Amino acid sequence: MNILFLTYQGDLGGATRSMDYLARGLAARGHTVYFGCRREARLWDDLSGSKVHLAPMEFGRLGGPAVRQIDNLCREHDIQIVNAQSSQDRYAAMRAKLVHRTPFKLVFTRRQMPDSSRLSGLLTTLCADRVIAVSRAVGEALAGRWVARRLIEVVYNGTPREKYEGLDPAGTARLRERLDIPEGATVIGCIARKKRQDILLAALPWLPPEAIILLVGPGRQPEWDSILDRLRPKQRVIILDHEERSLLFYPLLTVSVLPSLLEGLSQTILESMALGVPVVASRWGGNPEIVEEGESGLLFEPLNPRDLAAKVNRLLEDRELAGRFITRGRERALVDFSVERTVENTERVFQRLLEG
């Protein structure tokens with residue numbers, strides 16, 4: 001197949017990593033894969049030198065110059081499938097198909113819980129040939145926004161095993177020294193972009209006073225400083241900006257917390273599980289589809305800091321339970337949610353669309 005992926009985003013975050021894994025995986029299976037994105041996007045640099053062909057795109061209002069760029073690229077390279085990943089590129093692809101009548105099958109992928117209007121859902125139903133939802137929760141939310149159920153197929157995000165191989169323990173040791181985190185310390189952390197970490201901070205009155213709270217990704221936020229000023233917690237709180245080698249932080253954690261209300265299917269959860277860190281996540285979006293309650297992690301009620309603290313404390317007090325979560329979590333991430341499954345299932349969606 002000749003496939004064109006599109007995104008106007010492609011910067012930091014789990015969605016960008018998921019696009020990267022998928023494009024590389026399909027190219028490795030012999031398909032001709034193009035990726036249209038901004039030259040300055042992180043994704044452009046990450047895919048440079050791979051088997052994926054890069055195409056510069058200029059997205060803008062109503063699609064911008066990307067509309068003509070998509071049309072030209074599709075006609076020149078006989079593109080059969082265009083897979084748009086985010087809002088601006090979805091509009092650009094729709095306009096290329098409707099205005100220029102470019103002959104391709106249009107697939108939208110929705111990677112987060114949607115907050116779009118029903119009008120947007122109706123437009124999707126009229127223009128898209130398929131909609132890939134990265135979890136059942138995302139699919140149900142789309143259907144509730146007037147996206148036709150017949151168009152929706154669930155393909156879970158995956159994570160590649162090789163991503164976790166060869167991680168340098170000395171790198172984690174240097175982080176431990178830099179952050180002055182003693183061996184054996186209780187570290188409760190969240191390694192992610194801004195994902196409602198304020199709920200974790202609000203839970204501090206009910207968490208062990210000797211614990212260290214580690215937030216890596218968003219950097220300091222004014223509203224978080226307000227919470228800390230009000231609570232004056234006994235715990236030591238470390239807040240860091242995004243760091244390139246973020247995987248090296250996971251071995252520092254005793255418990256990984258994800259309080260998000262955005263997740264379609266979380267790379268943070270998959271990374272935590274793959275690296276042997278037990279997970280406590282909000283019961284929201286696709287989180288319950290990865291975290292099997294009481295089997296591979298614990299779920300707390302969204303926006304409820306007391307419940308979050310109760311679940312974290314349960315893990316800290318029951319190390320046997322935490323050990324079971326670590327064992328099952330690795331299997332969950334590296335087998336059940338392998339990137340190979342994501343690639344194979346996406347390939348099947350595309351092939352059925354072309355055959356049908």
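Here, residue 1 is the first one in the sequence, and each next residue gets the next number. The structure displayed is predicted, hence computed values, not measured ones.
Within the 4.5 Å cutoff, the side chain of M19 has heavy atoms near those of the R111 side chain. In this structure, the side chains of T109 and N83 come closer than 4.5 Å at one or more pairs of heavy atoms. Contact check for M273 versus I269: side-chain heavy atoms found under the 4.5 Å cut-off. Counting heavy atoms from C-beta outward, P208 and N313 have side chains that approach closer than 4.5 Å. Using a 4.5 Å heavy-atom cutoff, the side chains of I152 and V147 are in contact. The closest side-chain heavy-atom distance from E292 to R332 is below 4.5 Å. At least one side-chain heavy atom of L26 sits under 4.5 Å from a side-chain heavy atom of F350. Between H31 and N2, the closest side-chain pair of non-hydrogen atoms is not below 4.5 Å.
Centroid-to-centroid, the aromatic rings of Y34 and H77 come within less than 6.0 Å.
Legend: salt bridge (Lys or Arg N to Asp or Glu O under 4.0 Å) pairs involving residues 127-152, not counting sequence neighbours, sorted by first then second residue: K97-D129, R130-E153, R136-E289, E140-R149. Listed by first then second residue, pairs satisfying ring pair (Phe, Tyr, Trp, His ring centres under 6.0 Å) with a partner in residues 99-145 number zero, not counting sequence neighbours. Residues in residues 224-234 take part in these salt bridge (Lys or Arg N to Asp or Glu O under 4.0 Å) pairs, two or more places apart or across chains: R220-D225. Listed by first and then second residue, the salt bridge (Lys or Arg N to Asp or Glu O under 4.0 Å) pairs that reach into residues 253-281 are R17-E271, K163-E271, K195-E263, sequence neighbours excluded.
Cluster partners of L122, using a side-chain heavy-atom cutoff of under 4.5 Å among ILVMFWY residues and allowing indirect links, are L126, W146. Using a 4.5 Å cut-off between side-chain heavy atoms of Ile, Leu, Val, Met, Phe, Trp and Tyr, L262 forms no hydrophobic cluster with any other residue.
Hydrophobic clustering, with ILVMFWY side chains joined whenever heavy atoms are under 4.5 angstrom apart, groups V349 together with F35. Criterion: ILVMFWY side-chain heavy atoms under 4.5 Å apart, direct or through other members. Under it, L315 and I290 are part of a common hydrophobic cluster. In the hydrophobic cluster analysis, where Ile, Leu, Val, Met, Phe, Trp and Tyr join through side-chain heavy atoms closer than 4.5 angstrom, I188 is grouped apart from I212. Under the 4.5 Å side-chain heavy-atom criterion for ILVMFWY residues, no single connected hydrophobic cluster contains both I213 and I181. Both Y8 and Y91 are assigned to one and the same hydrophobic cluster, defined by single-linkage of ILVMFWY side chains at heavy-atom distances under 4.5 Å.
A donor-acceptor contact under 3.5 angstrom links the side chains of Y164 and T159, judged on distance only. Counting only N and O atoms by type, the side chains of N345 and E347 include no donor and acceptor under 3.5 Å apart. The closest side-chain donor-acceptor pair between S266 and N287, if any, does not fall under 3.5 angstrom. For the residue pair S86/T7, the side-chain donor-acceptor check at 3.5 Å is satisfied. A donor-acceptor contact closer than 3.5 angstrom links the side chains of Q69 and E58. Side-chain N/O atoms of S18 and Q267 include a donor and acceptor closer than 3.5 Å.
Annotation for E210: atom CD counts as buried by contact number, over 12 foreign heavy atoms lying within 6.0 Å. Within a 6.0 Å radius of CZ in R314, other residues, nucleotides and ligands contribute 12 heavy atoms or fewer. Applying the 6.0 Å contact sphere to CD of E165 captures more than 12 heavy atoms from other residues, nucleotides or ligands. Around atom CH2 of W284, no more than 12 heavy atoms belonging to other residues, nucleotides or ligands sit under 6.0 Å away.
For the pair L265 and G286, the tightest heavy-atom approach, listed with the atom from each and the gap, is CD1-O, 3.9 Å. Between Y156 and S135, the shortest heavy-atom distance links the atoms CE2-CA, 3.8 Å. Contact between L54 and L47 at its shortest, heavy atoms only, is CD2-CB, 3.9 Å. Of all non-hydrogen atoms in L106 and C127, the two that sit nearest each other are CD2-O, 3.8 Å. Scanning both residues, A93 and A84, for their nearest heavy atoms gives CB-CB, 4.5 Å. Across every non-hydrogen atom of I227 and A202, the tightest pair is CG2-N, 4.3 Å.
T125 contributes a side-chain N or O that, together with a main-chain N or O of A148, makes up a donor-acceptor pair within less than 3.5 Å. One N or O on the side chain of K311 and one on the backbone of L299 form a donor-acceptor pair closer than 3.5 Å. T342 places a side-chain N or O within donor-acceptor distance of the main-chain N or O of G158, the cut-off being under 3.5 Å. For the pair E295 (side chain) and V291 (backbone), a donor-acceptor distance under 3.5 Å is absent. Between the side chain of D71 and the backbone N or O of T102, no donor-acceptor pair lies under 3.5 Å. A donor-acceptor pair is defined here as one N or O able to donate and one able to accept, closer than 3.5 Å; such a pair exists between the side chain of T327 and the backbone of G323. Panel note: side chain S256, backbone P278; no donor-acceptor pair is recorded below 3.5 Å. Put simply, the side chain of S338 never gets that close to the backbone of L334: no donor and acceptor are under 3.5 Å apart.
The distance from the CZ atom of R176 to the CG atom of L248 is 12.0 Å, given to the nearest 0.5 Å. Of the inter-residue distances, the one linking F59 atom CZ with S87 atom OG reads 10.5 Å to the nearest 0.5 angstrom. Going from atom CD1 of I199 over to atom CG of L261 covers 7.5 Å, rounded to the nearest 0.5 Å. With rounding to the nearest 0.5 angstrom, the CZ atom of R90 is 10.5 Å from the CG atom of L123. Between L252 atom CG and E183 atom CD the span is 9.0 Å, to the nearest 0.5 Å. Between Q221 atom CD and L215 atom CG the span is 10.0 Å, to the nearest 0.5 Å.
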Pair I238-V216, side-chain contact (heavy atoms from CB on, under 4.5 Å): steps then yes or no: CA-CA 8 Å; I238 303 171; V216 181; over 6 Å; no
Test log, rule side-chain contact (heavy atoms from CB on, under 4.5 Å), inputs V138 and Q112: CA-CA 7 Å; V138 171; Q112 292 186 333; over 6 Å; no
Evaluation steps, side-chain contact (heavy atoms from CB on, under 4.5 Å), between Q80 and I3: CA-CA 6 Å; Q80 299 161 286; I3 305 163; over 6 Å; no
Residue pair C190, Q197: steps toward the side-chain contact (heavy atoms from CB on, under 4.5 Å) verdict: CA-CA 7 Å; C190 179; Q197 288 91 334; 3.8 Å; yes
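Residues D336 and R328 are paired through a salt bridge, judged by an N-O separation under 4.0 Å between the basic side chain and the carboxylate.
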